[in-house]
Amino acid sequence: MESRTLTATTEDTGLRLDSFLAGRLEGTTRSAAVRLIENGCVTVNGKAAGKSVRIAGGETVCVELPEAEEPEARPEDIPLDIVYEDGDVIVVNKPVGMVVHPAPGHPDGTLVNALLHHCAGSLSGVGGQLRPGIVHRIDRDTSGLIIAAKNDAAHAFLAAQLADHTLARTYECLAVGNFKEDSGTVDAPIGRHRTDRKKMAVVPDGRHAVTHWEVIARYGGVTHLRCRLETGRTHQIRVHLAHIGHPILGDTVYGAKKPVPGLTGQCLHATELQFIHPATGKTVSLRCPLPEEFTHMLEKLKRQG
């Protein structure tokens with residue numbers, strides 16, 4: 001059992017206790033916060049409190065967190081859209097909605113579960129038991145190319161390319177608003193959001209993050225962009241575009257809170273991947289088409305003129 005002590009500030013004034021906990025305890029959903037309160041794991045100024053209690057500011061909130069059950073990565077027969085595969089690496093076109101590796105709340109149905117079945121366990125162990133083979137990640141509601149390593153040597157080789165930016169990743173997205181320039185760069189550090197711990201944000205003490213973008217086409221209030229990652233921070237493109245006032249269409253975390261009809265997640269797709277093969281030393285360049293929802297949205301925008 002882990003004990004956490006949180007101090008409410010004036011910025012928290014008016015929040016329900018369950019919302020306060022969900023915002024301050026990383027990885028805790030509101031429903032999970034409700035369970036903690038109902039199970040007697042939360043006190044406010046030393047006294048038990050209900051989930052609907054409102055924060056006034058200045059309270060001391062103590063939380064007893066039960067030991068989390070560690071999910072286990074098991075092989076699952078899940079279809080994969082394989083773009084490239086050999087004895088060292090495998091590249092998959094990940095669909096929207098698929099989580100990359102098991103985590104609390106997502107114990108199965110992940111890309112790792114599918115890879116363990118397809119590769120018969122032949123994946124690198126560098127990432128540990130829950131992330132075998134995983135060199136980089138893509139958000140659950142982002143689709144596109146992701147590479148995994150089948151052995152430790154390949155993993156180390158690819159990880160080095162990721163670190164020195166020679167593993168090139170290019171995305172396409174639909175961003176809200178009109179861009180005046182045809183291309184540009186967002187160079188802004190990214191770190192954990194100050195008040196919402198489930199989000200990332202541009203913060204002064206964040207990690208160095210650079211995104212290059214160029215306009216493919218303009219459709220009134222929406223712009224079709226190509227984005228190239230120079231660094232690979234969590235939610236980087238989503239955070240950077242929102243930071244400059246152009247959140248990605250369908251992104252309910254960093255943009256409009258209401259989902260866009262016709263879109264399951266944000267309109268962001270990893271279209272291109274280029275890397276130096278760990279065994280042959282040759283450059284491998286891969287591309288996958290835009291997903292159906294993305295192309296349908298493009299067709300709709302074109303019809304609207």
Side-chain angles (χ1 to χ4, degrees), residues 73 75-103 106 108-120 122-124 127 130-150 154-155 158-159 161-162 166-175 211 213 216 224-229 232 234-238 248-251 260 262-278 282-299:
E76 293 182 62
D77 188 3
I78 301 171
L80 289 172
D81 181 2
I82 299 170
V83 178
Y84 177 91
E85 183 179 14
D86 58 28
D88 296 287
V89 299
I90 180 171
V91 179
V92 172
N93 180 13
K94 186 191 82 65
V96 168
M98 176 179 272
V99 176
V100 171
H101 59 75
H106 300 284
D108 49 34
T110 72
L111 178 63
V112 161
N113 297 114
L115 287 173
L116 285 171
H117 179 272
H118 176 79
C119 300
S122 179
L123 291 168
S124 76
L130 294 182
R131 300 174 179 83
I134 300 302
V135 179
H136 66 108
R137 288 179 287 180
I138 295 180
D139 299 338
R140 178 183 63 182
D141 289 334
T142 299
S143 56
L145 297 176
I146 181 170
I147 188 170
K150 290 189 173 183
H155 196 132
L158 293 169
Q161 291 181 63
L162 196 66
T166 55
L167 195 158
R169 291 162 292 160
T170 303
Y171 291 70
E172 287 187 29
C173 68
L174 293 178
T211 303
W213 59 265
I216 297 174
H224 187 184
L225 295 178
R226 180 179 293 109
C227 297
R228 182 174 61 82
L229 289 176
T234 302
H235 300 175
Q236 180 172 313
I237 295 175
R238 299 166 63 193
I248 294 174
L249 191 69
D251 191 339
V260 175
L263 292 179
T264 304
Q266 57 266 0
C267 217
L268 177 63
H269 180 70
T271 54
E272 298 176 42
L273 182 68
Q274 181 174 290
F275 61 95
I276 301 171
H277 195 280
K282 295 181 179 180
T283 298
V284 179
S285 298
L286 303 171
R287 180 178 175 84
C288 67
L290 296 172
E292 189 173 338
E293 286 188 358
F294 199 131
T295 56
H296 284 175
M297 186 58 63
L298 277 175
E299 290 167 1

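- The nearest pair of heavy atoms linking Cys227 to Thr211 is CB-CG2, 4.2 Å.
- In Glu299, the CD atom is crowded: over 12 heavy atoms of neighbouring residues, nucleotides or ligands sit closer than 6.0 Å.
- The side-chain contact (heavy atoms from CB on, under 4.5 Å) test with His118 singles out one residue from Asn113, Ile90, Asp77, Ile78, and that residue is Ile90.
- Residue Cys119 comes nearest to Lys150 through the heavy atom pair SG-CE, 4.0 Å, listed as atom of the first residue, atom of the second, then distance.
- Interatomic distance, Gln266 CD to Leu174 CG, rounded to the nearest 0.5 Å: 12.0 Å.
- Remark: the backbone N or O of Gly109 is paired with a side-chain donor or acceptor of Glu76 at under 3.5 angstrom.
- Across all their heavy atoms, Pro102 and Val112 have their closest contact at CD-CB, 3.9 Å.
- Counting only heavy atoms from C-beta outward, the side chains of Leu115 and Val92 approach each other to under 4.5 Å.
- Partners of His136 according to the ring pair (Phe, Tyr, Trp, His ring centres under 6.0 Å) rule, which considers only residues two or more places apart in sequence or in another chain, do not exist here.
- Annotation: the span from Leu286 atom CG to Ile147 atom CD1 amounts to 7.5 Å, rounded to 0.5 Å.
- Ile146 CD1 to Arg169 CZ: the interatomic distance, rounded to the nearest 0.5 Å, is 10.0 Å.
- Checked for salt-bridge contact, Glu272 and Arg228 miss the test: no charged N lies under 4.0 Å from a carboxylate O.
- Using a 4.5 Å heavy-atom threshold, the side chains of His277 and Tyr84 count as touching.
- Interatomic distance, Ile248 CD1 to Asp141 CG, rounded to the nearest 0.5 Å: 11.5 Å.
- Annotation: side chain of Cys288 is in contact with side chain of His269 (closest heavy-atom distance under 4.5 Å).
- With rounding to the nearest 0.5 Å, the separation of CG in Leu263 from NE2 in His296 is 11.5 Å.
- With hydrogens and angles disregarded, a donor-acceptor distance shorter than 3.5 Å links the side chain of Glu293 to the backbone of Thr264.
- No side-chain heavy atom of Val96 sits less than 4.5 Å from a side-chain heavy atom of Glu292.
- Side-chain contact, Thr283 with Gln274: no donor N or O sits under 3.5 Å from an acceptor N or O.
- Nearest heavy atom pair, residue Pro95 against residue Ser143, reads C-CB, 4.2 Å.
- Counting all heavy atoms, side chain and backbone alike, Val135 lies closest to Leu162 at O-CD2, 3.5 Å.
- Within the 3.5 Å criterion, the main-chain N or O of Asp88 finds a donor-acceptor partner in the side chain of Asp86.
- Val91 and Leu273 get closest at one heavy-atom pair: CG1-CD2, 3.9 Å.
- One finds the CG atom of Leu268 at 8.5 Å from the CG atom of Asp251 (value rounded to the nearest 0.5 Å).
- Of the possible polar contacts, none joining the Thr271 side chain to the Leu290 backbone as a donor-acceptor pair under 3.5 Å is found.
- Of the possible polar contacts, none joining the Lys94 side chain to the Val99 backbone as a donor-acceptor pair under 3.5 Å is found.
- The aromatic rings of His224 and Phe294 lie tilted to each other, with the angle between the two planes from 30° to 60°.
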